[in-house]
Amino acid sequence: MARTDEAEAFFHAVYAAVQEIPPGKVTSYGHIAKLIGTPQRPRQVGLCLKHLPTDTSSRFHHANVPWQRVINAKGVISPRSQPSGSLNQAAALEAEGVTVTTGALGELSVDFAEFGWFPRILPSEAAMGMVPESDDDGDGSEEG
DNA sequence: CTGCTGACTTTCT
DNA sequence: AAGAAAGCCAGCA
């Protein structure tokens, strides 16, 4: 009962978060999961996109949900996301202006340092990553 | 109804 | 630094 209802809300939250991604930018499943308040369920985010209806009659569908901008934390597009015999996702990203790098294994990777879309992490997350005691290593993970 | 899988991430070793 | 394991929960057989 409530379980399915919650799932629907979860799906809805995911699609909404994905739509928040601006063109020419990409983000990771974990980040989406965090934004919607479920940092421990990155896989479910993927499931949402997988079950994303192509029917434009639905509230969310492949046309209005830029699922292509969602990739894994490694900055590499999941091979399962590729349509049969076509690298549409990468092409779509390039169309947005995202530079997709093709690895030797044929996998597609995106530079988070350049196209990584990280609007604002949860307050606790920001505090966690901001450890004054910890020495700086010059990660330079700021992006405006 | 039961069990495994999966468009993943985080943490320990 | 790199590798292995755990965790989460919906969907499918």
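Labels below follow one simple rule: chain letters A, B, ... track the order of the sequence lines, proteins then strands, and each chain is numbered from 1.
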From the options [options], select the nucleotide whose nearest atom is closest to the side chain of [X].
{"X": "A:H51", "options": "C:dA10, C:dC12, C:dC8", "value": "C:dC12"}
{"X": "A:Q44", "options": "C:dC9, C:dG11, B:dT9", "value": "C:dC9"}
{"X": "A:L47", "options": "B:dG6, C:dC8, B:dC8", "value": "B:dG6"}

Tell me the interatomic distance from [X], atom [atom1], to [N], atom [atom2], rounded to whole angstroms.
{"X": "A:D5", "N": "C:dA10", "atom1": "CG", "atom2": "P", "answer": "12 Å"}
{"X": "A:F11", "N": "C:dC8", "atom1": "CZ", "atom2": "P", "answer": "18 Å"}
{"X": "A:E6", "N": "C:dC9", "atom1": "CD", "atom2": "P", "answer": "10 Å"}
{"X": "A:L49", "N": "C:dG11", "atom1": "CG", "atom2": "P", "answer": "13 Å"}
{"X": "A:K74", "N": "B:dT10", "atom1": "NZ", "atom2": "C1'", "answer": "13 Å"}
{"X": "A:L35", "N": "B:dC8", "atom1": "CG", "atom2": "C1'", "answer": "15 Å"}
{"X": "A:L52", "N": "C:dA10", "atom1": "CG", "atom2": "P", "answer": "18 Å"}
{"X": "A:I36", "N": "C:dC8", "atom1": "CD1", "atom2": "P", "answer": "16 Å"}

Do the side chain of A:Q19 and the main chain of A:N64 share a donor and acceptor less than 3.5 angstrom apart?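 Yes, the answer is positive, given that a donor and an acceptor are paired below the 3.5 Å cut-off.
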Under 3.5 Å, is there a donor-acceptor pair between the side chain of A:Y15 and the main chain of A:C48?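 Here the side-chain-to-backbone pair exists.
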Considering non-hydrogen atoms only, spot the tightest contact between A:R41 and A:F10 and give its length.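 Closest approach of A:R41 to A:F10: O-CZ, 3.9 Å.
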Can you name the atoms? Protein N/O to nucleotides 5-7 of chain C N/O, anything below 3.5 Å, with the distance.
| residue | atom | partner | partner atom | Å |
| --- | --- | --- | --- | --- |
| C:dG7 | O6 | A:R43 | NH1 | 2.9 |
| C:dG7 | N1 | A:R43 | NH1 | 3.4 |

Which residue pairs pass the side chain to side chain donor-acceptor pair (under 3.5 Å) test with at least one member in residues 90-100 of chain A, sequence neighbours excluded?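 As it turns out, the side chain to side chain donor-acceptor pair (under 3.5 Å) pairs with a partner in residues 90-100 of chain A, which skip direct neighbours, are A:R69-A:E96.
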Path from A:L93 to A:F118 over hydrophobic side-chain contacts below 4.5 Å: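 Yes, A:L93 and A:F118 fall within the same hydrophobic cluster.
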Assigning hydrophobic clusters by single linkage (Ile, Leu, Val, Met, Phe, Trp, Tyr; side-chain heavy-atom cutoff under 4.5 Å), is A:V100 placed with A:V76?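 A:V100 does not cluster with A:V76.
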Across the strands shown, which category fits A:T38 at heavy-atom distances under 4.0 angstrom: base, sugar-phosphate, nothing?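 It contacts nothing in the nucleic acid.
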Could you check A:F60 against A:F11 for ring-ring contact (aromatic ring centres under 6.0 Å, His included), going step by step and ending with a plain yes or no? CA-CA 10 Å; A:F60 299 102; A:F11 275 55; over 10 Å; no
